[in-house]
Amino acid sequence: DVKVTQSSRYLVKRTGEKVFLECVQDMDHENMFWYRQDPGLGLRLIYFSYDVKMKEKGDIPEGYSVSREKKERFSLILESASTNQTSMYLCASRGGWAGDSPLHFGNGTRLTVT
Amino acid sequence: QKEVEQDPGPLSVPEGAIVSLNCTYSNSAFQYFMWYRQYSRKGPELLMYTYSSGNKEDGRFTAQVDKSSKYISLFIRDSQPSDSATYLCAMSQGGSNYKLTFGKGTLLTVNP
């Protein structure tokens, strides 16, 4: 069965801290994604990676960066956390293109920035 | 006009009711349509997946796509309290386009 694991369920960080959110998938998927989910705004794509060391900006990349050094691992980095980055962060992976296979999500990391 | 519109609810129904969840969209290039279910404090999980227009049935769930009207639906028959969740529609153009566009989700509660 497909498994996407996010390292933390809950995180509390202070404004200005550098924050790392980690995601690991065990399906040998090429494509990995980071979304944030906010009430009333739904799911918004932050970054996408289609291969090791390859990345593309999503709809809301400002204030974030990503790292993909190994195929199974995709990290989201908040360079200097701000209160407006308090959110639920969801990692997802997919084996093919959008029309060929669905996204598989992790259970999310709820980040609070104080 | 938003690319995908979904009534956020909340929707509350008694156990055993037939539930209808809907999304409309504006991009006629969408070809692949999905429904995800998200339980509280969990990530979304794929529930139904359809290509182009038509119906698809899986147990108590039926997904319906009407591309001429740019309208998709998810029907739940004999709803159960375990169906209580947020339901998200999602769609894509397919091909080399990686992007999946989500609705904002409808919160459903099925009361025993």
Side-chain angles (χ1 to χ4, degrees), chain A residues 1-10 21 23-25 27 29-51 54-61 87-110, chain B residues 2-10 21 23-25 27-53 56 58 61 63 65 67 74 85-107:
Chain A
D1 202 14
V2 169
K3 197 160 177 70
V4 177
T5 302
Q6 293 183 234
S7 55
S8 304
R9 292 299 307 275
Y10 300 94
L21 303 182
C23 174
V24 176
Q25 50 98 357
M27 292 85 63
H29 283 169
E30 292 84 10
N31 306 305
M32 296 187 74
F33 303 78
W34 276 106
Y35 289 86
R36 63 178 283 178
Q37 187 175 33
D38 300 286
L41 296 176
L43 281 161
R44 292 181 290 167
L45 181 63
I46 304 171
Y47 265 99
F48 159 58
S49 169
Y50 54 91
D51 203 348
M54 307 305 286
K55 62 186 179 185
E56 280 196 23
K57 293 179 181 178
D59 299 319
I60 51 162
S87 186
M88 168 70 93
Y89 289 88
L90 288 161
C91 175
S93 73
R94 182 175 67 210
W97 295 109
D100 298 324
S101 56
L103 285 176
H104 299 275
F105 285 90
N107 278 328
T109 296
R110 184 164 294 281
Chain B
K2 290 193 174 74
E3 214 170 8
V4 178
E5 303 241 28
Q6 183 175 9
D7 187 338
L21 304 167
C23 289
T24 59
Y25 62 95
N27 186 348
S28 58
F30 287 144
Q31 296 189 73
Y32 298 87
F33 303 91
M34 285 142 267
W35 286 95
Y36 283 81
R37 177 175 61 195
Q38 185 175 19
Y39 291 116
S40 181
R41 290 185 284 276
K42 297 281 191 182
E45 57 178 337
L46 182 71
L47 193 59
M48 297 288 281
Y49 177 86
T50 53
Y51 169 69
S52 195
S53 284
K56 184 174 182 178
D58 184 1
F61 298 90
V65 175
K67 289 187 71 180
L74 177 71
T86 297
Y87 290 80
L88 300 147
C89 64
M91 44 200 82
S92 73
Q93 297 181 41
S96 60
N97 190 314
Y98 67 87
K99 191 173 180 181
L100 194 60
T101 302
F102 285 88
K104 291 181 181 178
T106 300
L107 176 61

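Reminder, nothing fancy here: chain letters follow the sequence lines and each chain counts from 1.
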- Message: Given heavy-atom pairs under 4.5 angstrom as the criterion, report whether the side chain, backbone, both or neither of B:Gln6 touches chain A.
- Response: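 Nothing of B:Gln6, per the 4.5 Å heavy-atom cut-off to chain A.
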- Would you mind checking which part of B:Tyr39 comes under 4.5 Å of any heavy atom in chain A, side chain (CB onward), backbone (N, CA, C, O), both or neither?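 It is neither, since no heavy atom gets under 4.5 Å.
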- Got a sec, which residues hit ring pair (Phe, Tyr, Trp, His ring centres under 6.0 Å) with A:Phe33, two or more places apart in sequence or on another chain?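 Residues passing ring pair (Phe, Tyr, Trp, His ring centres under 6.0 Å) with A:Phe33: A:Phe48.
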- Message: Using every non-hydrogen atom in the two residues, find where A:Leu103 and B:Phe102 come nearest and quote the distance to one decimal.
- Response: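 Closest approach of A:Leu103 to B:Phe102: CD1-CZ, 4.1 Å.
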- For B:Pro44 and A:Leu43, which heavy atoms make the closest approach, and how far apart are they?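 B:Pro44 and A:Leu43 have their closest heavy atoms at CG-CD1, 4.5 Å.
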- Check side chain to side chain contact (heavy atoms under 4.5 Å, CB included) between B:Lys67 and all other residues, then give those that pass, not counting sequence neighbours.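 Checked B:Lys67 against side chain to side chain contact (heavy atoms under 4.5 Å, CB included); matches are B:Tyr25, B:Gln31, B:Phe33, B:Ser52, B:Ser53, B:Val65.
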- Message: Closer than 3.5 angstrom, by distance alone: can the side chain of B:Lys42 be matched with the main-chain N or O of A:Asn107 as a donor-acceptor pair?
- Response: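 Not at all, since once roles are kept as given, no pair shorter than 3.5 Å links the two residues.
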- Taking A:Arg9 for the side chain and B:Arg41 for the main chain, is one N or O donor matched with an acceptor at less than 3.5 Å?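 Side chain of A:Arg9 to backbone of B:Arg41: a pair is present.
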- Message: Can you tell me which portion of A:Tyr89 sits under 4.5 Å from chain B's heavy atoms? Options are side chain, backbone, both or neither.
- Response: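 It is neither, since no heavy atom gets under 4.5 Å.
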- Item | chain B contact via A:Gln6 - side chain, backbone, both or neither, heavy atoms under 4.5 Å |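 Neither; nothing under 4.5 Å.
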- Message: Tell me which of these, B:Met91, B:Gln38, B:Glu45, has more heavy-atom pairs under 4.5 Å with chain A than the rest.
- Response: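 Looking at each of B:Met91, B:Gln38, B:Glu45 in turn, B:Gln38 comes out on top.
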- Query: When you look at CZ of A:Arg44, are more than 12 heavy atoms from neighbouring residues, nucleotides or ligands closer to it than 6.0 Å?
  - Reply: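 Counting neighbours around CZ of A:Arg44, more than 12 heavy atoms of other residues, nucleotides or ligands fall under 6.0 Å, so yes.
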